[in-house]
**Student:** 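Let me give you the structure first, and then I'll get to my questions.
Hydrogens, waters and symmetry mates are skipped; everything else that's a heavy atom, side chains included, is used.
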Amino acid sequence: MSQHPLMPKATAVWLIDNSVLTFEQIAEFCGLHTLEVQALADGDVGSRINGANPVVHNELTAEEIKRCEEDSTARLQIKSNNLPQPKKRSKGPRYTP
């Protein structure tokens, strides 16, 4: 399972506004479809979404963004974090009247 940012659309909006990354790079990093990133860039969807800076949220480094801006075939790598992954809950017994 690949990791994506906590707020993928907000992160995508910030990357569109503040970097020269390709839509494919942003889409792969955020776990979105390329057309969805295109629609965010055009303002067709998410016009009220405020961008979330992935550097401030400790999801990317500025060096990683710069590396991928220089090479359009490079893919952004999310910073590894030590937060525990959410656990699946068992459904348990169901109430039957």
Side-chain angles (χ1 to χ4, degrees):
M1 176 181 131
S2 64
Q3 290 187 350
H4 299 293
L6 182 62
M7 300 181 292
K9 287 186 181 178
T11 302
V13 167
W14 189 90
L15 289 170
I16 290 166
D17 292 341
N18 298 292
S19 71
V20 292
L21 295 168
T22 64
F23 292 153
E24 291 81 19
Q25 288 173 313
I26 296 171
E28 185 174 318
F29 176 71
C30 295
L32 303 172
H33 192 276
T34 308
L35 294 176
E36 197 170 2
V37 175
Q38 174 74 44
L40 285 169
D42 291 343
D44 296 340
V45 230
S47 60
R48 294 185 180 185
I49 295 176
N50 292 329
N53 186 341
V55 177
V56 172
H57 291 105
N58 204 26
E59 296 170 335
L60 279 177
T61 62
E63 293 80 23
E64 179 71 10
I65 294 173
K66 183 174 170 125
R67 178 185 71 85
C68 291
E69 285 177 336
E70 293 170 355
D71 180 12
S72 63
T73 61
R75 297 294 174 225
L76 291 164
Q77 298 295 319
I78 195 164
K79 283 177 67 175
S80 61
N81 58 24
N82 56 358
L83 296 175
Q85 293 297 316
K87 296 180 182 177
K88 292 257 183 187
R89 294 184 181 180
S90 64
K91 296 216 175 188
R94 296 183 186 253
Y95 174 73
T96 307

**Student:** Could you tell me the separation between the CG atom of Asp42 and the CG atom of Leu35, rounded to the nearest 0.5 Å?
**Tutor:** 10.5 Å
**Student:** Any idea which heavy atoms bring Leu40 and Val13 closest together, and the distance?
**Tutor:** CD2-CG2, 4.1 Å
**Student:** Looking at Cys68 and Gln25, what are the two nearest heavy atoms and their distance?
**Tutor:** O-NE2, 3.1 Å
**Student:** Once rounded to the nearest 0.5 Å, what's the spacing between atom NE2 of His33 and atom CD of Glu28?
**Tutor:** 12.5 Å
**Student:** Could you state the interatomic distance from CH2 (Trp14) to CD1 (Ile26), rounded to the nearest 0.5 Å?
**Tutor:** 10.0 Å
**Student:** Can you name the closest pair of heavy atoms from Ile49 and Ala10 and give their distance?
**Tutor:** CG2-CA, 3.7 Å
**Student:** Which atom pair, heavy atoms only, marks the closest approach of Cys30 to Pro5?
**Tutor:** CA-CD, 3.8 Å
**Student:** With a 4.5 Å cut-off on side-chain heavy-atom distances among I, L, V, M, F, W and Y, is there a chain of contacts connecting Met7 to Leu21?
**Tutor:** no
**Student:** Could you tell me which non-hydrogen atom of Leu60 sits nearest to which non-hydrogen atom of Gln77, and how far apart they are?
**Tutor:** CD2-O, 3.5 Å
**Student:** Here's a test for you: under side-chain hydrogen bond (donor to acceptor under 3.5 Å, both in side chains), which of Glu70, Glu63, Glu64, Glu69 qualifies with Arg67?
**Tutor:** Glu64
**Student:** With the side chain counted from C-beta on, respond yes when Thr11 and Glu59 share a heavy-atom pair under 4.5 Å apart, and no when they do not.
**Tutor:** yes
**Student:** With side chains defined as the heavy atoms from C-beta onward, is the minimum distance between Val45 and Glu36 less than 4.5 Å?
**Tutor:** no
**Student:** Do Leu15 and Phe29 come close enough that some side-chain heavy atom pair is under 4.5 Å?
**Tutor:** yes
**Student:** Of all the heavy-atom pairs spanning Val55 and Asn53, show the shortest one and how long it is.
**Tutor:** N-OD1, 2.8 Å
